[in-house]
Amino acid sequence: MQHWLLKSEPDCFSIDALRKAKKQTTCWDGVRNYQARNFLRAMKVGDRAFFYHSSCDPPAVVGVVEIVREAYPDSSAWNPDDDHFDPKASPENPVWSMVDVKLVEVFPRPVPLGELRSVKALADLELLRRGSRLSVHPVTAAEFRTIQQLGCG
DNA sequence: GCCAACGTTGGC
DNA sequence: GCCAACGTTGGC
């Protein structure tokens with residue numbers, strides 16, 4: 001099983017919105033970066049991912065989700081009314097992919113970015129790399145355990 | 001709101 | 001293929 005981290009701006013889609021969603025499941029659409037897309041395509045059903053709130057105060061890992069459907073075409077890319085519309089994409093040439101994720105747990109104690117930075121075991125975490133902007137990226141099993149323990153208090 | 005870092009675009 | 005200009009991300 002692989003582990004991942006997924007970023008979302010809570011103003012756009014928060015873990016609370018996922019908690020309230022039908023079946024506590026959502027499609028993770030709107031990724032428009034090739035490297036992030038390729039990670040989406042590498043995901044397998046049963047993989048676990050952190051849900052990270054970015055561009056908010058404080059930025060934090062707020063919970064865990066499970067991949068419940070592997071990559072399929074992101075139809076929002078060819079919807080001109082969508083914020084992430086991409087004229088390159090079409091049903092014949094989807095370009096972008098999404099997966100479905102289901103809520104596993106909302107952390108009783110969100111783990112803020114500043115705290116992650118203070119943990120030695122997380123020194124190599126992609127999220128903490130200088131200038132890192134990747135909205136989807138892998139996390140090692142050890143990093144996953146460490147962060148999950150912090151989130152459970 | 002600022003700005004550093006990054007990715008993409010497009011002229012050459 | 002280079003690289004400058006531009007747009008975006010995201011922490012602060």
Side-chain angles (χ1 to χ4, degrees), chain A residues 2-21 26-43 47-65 67 70-101 103-140 142-153:
Chain A
Q2 304 172 95
H3 301 86
W4 309 92
L5 183 142
L6 298 168
K7 291 185 191 175
S8 180
E9 299 185 22
D11 285 348
C12 177
F13 186 77
S14 68
I15 198 158
D16 200 48
L18 177 58
R19 192 175 54 75
K20 291 173 181 164
T26 188
C27 57
W28 202 267
D29 62 359
V31 171
R32 297 291 180 268
N33 168 283
Y34 287 102
Q35 203 180 348
R37 181 202 68 181
N38 292 342
F39 285 134
L40 286 177
R41 289 181 176 179
M43 290 178 179
D47 285 358
R48 297 265 165 126
F50 288 125
F51 195 126
Y52 176 78
H53 280 172
S54 66
S55 297
C56 58
D57 190 22
V61 177
V62 292
V64 176
V65 300
I67 310 307
E70 290 171 17
Y72 61 106
D74 180 351
S75 54
S76 73
W78 57 83
N79 174 3
D81 296 327
D82 193 279
D83 285 344
H84 303 285
F85 173 65
D86 180 354
K88 291 192 300 294
S90 66
E92 296 73 33
N93 179 33
V95 186
W96 303 110
S97 298
M98 59 185 176
V99 297
D100 288 356
V101 304
L103 184 64
V104 172
E105 66 169 329
V106 180
F107 283 158
R109 198 180 71 83
V111 188
L113 183 61
E115 183 174 345
L116 295 174
R117 288 198 193 284
S118 73
V119 178
K120 272 206 177 127
L122 300 175
D124 294 330
L125 189 69
E126 169 65 29
L127 181 73
L128 304 183
R129 293 255 287 274
R130 177 181 168 81
S132 174
R133 303 192 323 193
L134 253 188
S135 63
V136 179
H137 65 73
V139 172
T140 69
E143 289 165 343
F144 196 89
R145 266 195 311 278
T146 298
I147 296 171
Q148 197 165 29
Q149 279 168 11
L150 292 172
C152 292

For nucleotides 6-8 of chain C, tabulate all protein N/O to nucleotide N/O atom pairs closer than 3.5 Å, reporting atom names and distance.
residue, atom, partner, partner atom, Å
C/dT8, O2, A/R133, NH1, 2.6

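The separation between A/L128 atom CG and C/dG10 atom C1' is 14 Å, rounded to whole Å. With rounding to whole Å, A/E126 atom CD is found 16 Å from C/dT9 atom P. Atom-to-atom, CG of A/D83 to C1' of C/dT9 comes out at 15 Å; the value is rounded to the nearest Å. The distance from atom CG of A/L134 to atom P of C/dG10 is 9 Å, rounded to the nearest whole Å. Rounded to whole Å, the distance from CG on A/L113 to P on C/dG10 is 12 Å. As rounded to whole Å, 13 Å separates atom C1' of C/dG10 from atom NE2 of A/H137.
In this structure A/D86 satisfies the salt bridge (charged side-chain N to carboxylate O under 4.0 Å, His left out) test together with A/K88, sequence neighbours excluded. A/R145 is linked by a salt bridge (charged side-chain N to carboxylate O under 4.0 Å, His left out) to nothing, counting only residues two or more places apart in sequence or in another chain. Annotation: ring-ring contact (aromatic ring centres under 6.0 Å, His included) contacts of A/Y72 (sequence neighbours excluded): none. By the side-chain contact (heavy atoms from CB on, under 4.5 Å) test, A/Q2 pairs with A/W4, A/K44, A/D47, sequence neighbours left out. For A/H137, the ring-ring contact (aromatic ring centres under 6.0 Å, His included) criterion is met by no residue, not counting sequence neighbours. Residues satisfying the salt bridge (charged side-chain N to carboxylate O under 4.0 Å, His left out) criterion with A/K120, sequence neighbours excluded, are absent altogether. Looking at residues two or more places apart in sequence or on another chain, you find a ring-ring contact (aromatic ring centres under 6.0 Å, His included) between A/F144 and A/H3, A/F50.
The phosphate of C/dT9 has neither OP1 nor OP2 within less than 4.0 Å of any side-chain N or O from A/K7.
Remark: A/Y52, A/S54, A/S55 in residues 47-55 of chain A come within less than 4.0 Å of DNA chain C through at least one heavy atom.
Of the inter-residue distances, the one linking A/L18 atom CG with A/S8 atom OG reads 9.5 Å to the nearest 0.5 angstrom.
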